[in-house]
Amino acid sequence: MPNQIAGFSKLSKQEKINWIAKEYFSNPSEAISLLKRYWNADEKLQQLHDEFIENTITNFYLPLGIAPNFLINGKQYTIPMAIEESSVVAAASKSAKFWASRGGFKTTVLSTEKIGQVHFIFSGDSSKLDKFFLEIKDKCISATESITKNMQKRGGGILDIELRNKTHLIENYYQLHATFETVDSMGANFINSCLEQFAKTLKEEALLNDAFSEAEKNIQIVMSILSNYVPNCIVRAEVSCRVEELIEKNIPNAQDFAKKFVRAVQIAEVEPFRAVTHNKGIMNGIDAVVLATGNDFRAVEAGIHAYAARNGQYSSLSHAKIENDVFYFWMEIPLALGTVGGLTSLHPLVKFCLEMLEKPNAKELMQIVAVAGLAQNFAALRSLTTTGIQEGHMKMHLNNIINQFEATAEERILITNHFKENVVSHAAVVEFIENLRK
Ligand code: MEV
C-alpha cells in the first residue's frame, strides 16, 4: 500500500509522476515513458491541457469521429462525435443517410429557461417571510446589476425569482427558486454568481427587517446553486415518412418493420429495465456531440435522466407511432448547452468542431445534439428489431481483435474473409489467428 502523501498538489508535474511510478508500478520507468508518450510535443498546447484541471500528469485520448450527411431543417451538417464505443459513429452516419433521403430531421427549440436555487432555513412565521420577500425581491435583482449587465446586452438575464415554501419536506426549509435566460452560454457561472448575490441580499435584508423576531432575522443560507434539471429548456427532434418509404436492404417489409419498431418503443415507455438501455443508446449520440463541442456531459446526463423519470417512473425519452400510413419517430429532451464561454473558446478541438458545425448558437446546438440522440436511437432500434445488434458490433469487435494482434495486411484479408461466413467471437478469432501463424 502506498504511503499517504502531503502537499501533493504543490509538487511539480515530474515529481507527481515520479511518486506515482515509484508507489504503484513494478516497472516505474516504463510507466513514466507511457505517460510521456501521450504528452503533446507542442509545449504550449500541452500546458493548456495541463491547466484545465489540477494534478494533470498526461492526456487521455478519445477518438474524435465524424458523422456526415445529417439533414436538419433542410440544412446539411457533419457532426463531430468524441466517443470510445465502436459502432456509434457508424450507426449515426447510417441513420443520417437513411433519413436524408426521407426528408431529413426536423427540430424545434420549445423553451430555453435555466433554473437556480438558494436553499435556506427560516425559523418563524411563513406569512411574514412572504411579505418580506415581496419587499426585497426588486433589491435582490438590482443587487446583481454588475453580474447581469453583459448578459442583458446579449438578450439574457434573470427572468424571475419565486419564494417556495418547502416546510412540508424539511422543517423551516424554503427556497428562492430563480429562472434565467443565458442565451448562448450554458450559464453555470452566471447563474451561480447571481444566486450567491441573492443569498447575500436575503440574509442582509432579513437582519434589518424590524417585522422579524430575532430568530426570524437569522436566516441560514444552506447553499446557492444552479439546477441541472431544466424541464423548461426543451428541444424536439423528429423524423417521419410514409411507411412504405421505410423499405431498404434489411427492411424488406416496411409495414412489419414499422409496427415492430413502434412496439419496441412502447416497451421502453412502460418497462424501466428496457427504458434505461433504450435511453443509453440515445445518450451514445448525445454525449459524443456534447463532449466534442466542449459542453458538460455530466450535467446533460443528470438532467435528461431526471426528465425521463418526471412522471414517477423512468421511461423512454423517444416515442413512435403510425398514423394514416405515416411513420413518426420523435423525442423531446432538456438540454442546457453553450457555444460561448467555458471550454468552447479554450480547447482547440472544440473550436474546430464548432467551426465544422458552422458556429451554431446554443439553440442550434441543442437541435444538432438532439438529432444525434434520435439518430442513434433509430439505428439501435432498427438493428435490434431486424438483424440483432451483434452483427454490427461483432464486425467492429473483429477489427479491434485484429488490431490487438497487430495483424499484417495479408492476415487481415484472410481473417475478414473467413469471418464473413463464420460467427465472430473473441475465442474464434484468436484461434483463427493462432492457426494462421502456426
Ligand atoms: C449500446 O451502446 C446501446 C444499445 O444497447 C441501445 C439499445 O439497446 O437501444 C444498442
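Along the sequence shown, residues are numbered consecutively beginning with 1. As a basis for the values below, the full set of heavy atoms in this structure was taken, side chains included, without hydrogen atoms, waters or symmetry mates. Just follow the structure's listing: the first ligand is 1, and inside any ligand the first atom is 1.
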- Query: Do Ser224 and His119 have side-chain atoms, one donor and one acceptor, less than 3.5 Å apart?
  - Reply: no
- Item | Any N/O pair Lys280/ligand 1 closer than 3.5 Å | yes
- Message: Give me the nearest non-hydrogen protein atom to atom 10 (C) of ligand 1 as residue plus atom name, then the distance to 0.1 Å.
- Response: Ile389 CD1, 3.6 Å
- Note on the structure: Among non-hydrogen protein atoms, atom 3 (C) of ligand 1 lies closest to Asn284 ND2, 3.6 Å
- Task: Would you mind finding which of Ile282, Thr277, Val265 brings a heavy atom closest to atom 4 (C) of ligand 1?
- Result: Thr277
- Message: Quick check on Arg274 - does any of its heavy atoms sit under 4.0 Å from an atom of ligand 1?
- Response: yes
- What's the verdict on side chain to side chain donor-acceptor pair (under 3.5 Å) for Tyr314 and Asn279, showing C-alpha distance, side-chain angles and the deciding distance? CA-CA 10 Å; Tyr314 191 88; Asn279 291 348; 3.0 Å; yes
- Message: Distance under 4.0 Å to a non-hydrogen atom of Leu384: what atoms of ligand 1 satisfy this?
- Response: 7 (C), 8 (O), 9 (O)
- Task: Hey, can you tell me if Phe70 and Phe105 have their rings parallel, tilted or perpendicular (30° and 60° cut-offs)?
- Result: tilted
- Kindly say whether the aromatic ring centers of Phe60 and Tyr38 come within a distance under 6.0 Å. no
- Centroid-centroid under 6.0 Å between Phe419 and Phe432 rings: yes
- Which atoms of ligand 1 are found less than 4.0 Å from any heavy atom of Glu85? 1 (C), 2 (O)
- Message: Closer than 3.5 angstrom, by distance alone: can the side chain of Glu301 be matched with the main-chain N or O of Arg298 as a donor-acceptor pair?
- Response: no
- Which ligand 1 atoms, with their elements, are less than 4.0 angstrom from a heavy-atom of His278? 9 (O)
